[in-house]
Amino acid sequence: MIKQDLLLQFGAEERYYDADDIIFSEGDVPTFFYLIIKGKVKLNNYNDLGKEFIQAIVPSGQSIGLSSLFTEMIYPKNAVAIEKCEILRLPKTTFLILLEQYPEYYSKIIRCLSEHIHYKFMMLQSMAFHNPSQKLLTLMNYLKYECGEHEPFSLQIPLTRQQLASLTGLSVETVIRVIKNLEKQGVVQIQNRKIFY
DNA sequence: ACATTAAGTTGCA
DNA sequence: TGCAACTTAATGT
């Protein structure tokens, strides 16, 4: 995305988070641009029953809450560290000034936003029409595409069953049952509880 | 090595 | 699908 040095040059501050630390919450007014240097962050919501829905899991090198910086709207989701994280943050106004001075970054930002929207479209269509196993397959196909793997069983799914459930709106039990079925069908392999697709 | 906690499983309503 | 009981793996002391 945007070079670390440049962000630091503009006065970005380094912040450290432990697992489960909240970076921002649903309803907050977006005031910073965030870039993950190390660690992973999840974007989530909770339904009225307290069930978690994970909007996305964001790896290092990517920014979070980007889309909220170009509108006057409040955050529609929480951002929570899922492991120890190092994150750079730059005040929104400074960030916009940076972009004015380095407009070449606009195209990168559009690319990031577009990729995210693409993921959203794929998942939404899958969640609206498909059965549980197809929802999981859509998610796993996306993961595989994202890391450039194509061979069968070449990707170890880096998510717990609970996380798979929260990303697809299914329950853990359903994920477990569906994954076992997929294994029977030879679509995935399971080696000491790790899922290979 | 033992206790504790998290993750994964399974049967049952 | 969800709860609860149970197993297994991971982590702490």
Side-chain angles (χ1 to χ4, degrees), chain A residues 14-28 34-65 75-87 116 119-197:
Chain A
E14 284 179 288
R15 306 196 105 230
Y16 297 87
Y17 299 87
D18 284 325
D20 296 327
D21 282 356
I22 294 170
I23 298 157
F24 59 72
S25 301
E26 190 172 353
D28 287 355
Y34 295 92
L35 180 68
I36 307 173
I37 304 301
K38 255 179 59 184
K40 284 184 189 155
V41 173
K42 67 179 174 185
L43 305 176
N44 70 7
N45 298 109
Y46 291 92
N47 72 7
D48 41 5
L49 299 170
K51 184 176 170 184
E52 179 187 32
F53 181 76
I54 300 180
Q55 296 282 350
I57 292 183
V58 189
S60 59
Q62 293 191 219
S63 68
I64 48 179
Y75 283 125
K77 72 233 175 207
N78 310 292
V80 183
I82 51 180
E83 51 191 53
K84 270 190 179 290
C85 285
E86 182 185 339
I87 292 176
H116 189 238
Y119 167 79
K120 284 288 157 195
F121 271 124
M122 290 200 353
M123 288 307 290
L124 185 56
Q125 111 87 11
S126 182
M127 309 224 344
F129 294 134
H130 293 338
N131 57 44
S133 77
Q134 285 175 309
K135 290 182 190 179
L136 285 169
L137 285 171
T138 302
L139 177 60
M140 293 194 297
N141 278 329
Y142 186 82
L143 290 172
K144 203 157 166 173
Y145 161 78
E146 199 177 33
C147 67
E149 291 289 348
H150 301 290
E151 302 301 313
F153 316 126
S154 58
L155 175 66
Q156 179 184 334
I157 303 297
L159 301 167
T160 65
R161 283 149 179 71
Q162 181 60 67
Q163 287 173 324
L164 288 172
S166 297
L167 281 161
T168 49
L170 301 168
S171 65
V172 210
E173 296 94 327
T174 302
V175 169
I176 287 169
R177 287 160 188 151
V178 167
I179 292 289
K180 287 194 165 179
N181 268 327
L182 291 175
E183 187 193 23
K184 264 186 209 147
Q185 295 166 29
V187 181
V188 300
Q189 287 180 351
I190 301 177
Q191 285 171 32
N192 45 6
R193 297 181 165 189
K194 303 290 177 193
I195 302 164
F196 292 84
Y197 177 60

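Here the structure is a predicted model, which means the values were calculated and not measured. Chain A is the first sequence line, chain B the second, and so forth, proteins listed ahead of strands; every chain is numbered from 1.
- Residues forming a side-chain hydrogen bond (donor to acceptor under 3.5 Å, both in side chains) with A/Ser63 (at least two apart in sequence, or on another chain): none.
- Taking A/Tyr142 as the reference, A/Tyr119 meet the ring-ring contact (aromatic ring centres under 6.0 Å, His included) condition, with sequence neighbours excluded.
- Taking A/Lys84 as the reference, A/Asp18 meet the side-chain contact (heavy atoms from CB on, under 4.5 Å) condition, with sequence neighbours excluded.
- Within residues 157-171 of chain A, the residues that have a heavy atom under 4.0 Å from DNA chain C are, in order of number, A/Leu170, A/Ser171.
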Polar atoms only, N or O, under 3.5 Å: list the protein pairs with nucleotides 5-13 of chain C and their distances.
{"residue": "C/dT8", "atom": "O4'", "partner": "A/Arg193", "partner atom": "NH2", "Å": "3.3"}

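- Residues forming a side-chain contact (heavy atoms from CB on, under 4.5 Å) with A/Asn47 (at least two apart in sequence, or on another chain): A/Leu49, A/Lys51.
- A/Gln162 pairs by the side-chain contact (heavy atoms from CB on, under 4.5 Å) definition with A/Thr160, A/Ala165, A/Ser166, A/Val172, not counting sequence neighbours.
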Between N or O atoms, less than 3.5 Å apart, protein on one side and nucleotides 11-13 of chain B on the other: list the pairs.
{"residue": "B/dG11", "atom": "O6", "partner": "A/Arg177", "partner atom": "NH2", "Å": "2.7"}

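- Residues satisfying the side-chain hydrogen bond (donor to acceptor under 3.5 Å, both in side chains) test with A/Lys120, not counting sequence neighbours, are A/Gln55.
- Residues forming a side-chain hydrogen bond (donor to acceptor under 3.5 Å, both in side chains) with A/Arg193 (at least two apart in sequence, or on another chain): none.
- Considering only residues two or more places apart in sequence or on other chains, A/Gln134 meets the side-chain hydrogen bond (donor to acceptor under 3.5 Å, both in side chains) condition with A/Asn131.
- Between A/Glu173 and A/Ile176 there is no side-chain heavy-atom pair separated by less than 4.5 Å.
- Rounded to a whole Å, the CD1 atom of A/Ile179 is 12 Å from the C1' atom of B/dG8.
- Under the ring-ring contact (aromatic ring centres under 6.0 Å, His included) criterion, no residue pair touches residues 151-197 of chain A, with sequence neighbours excluded.
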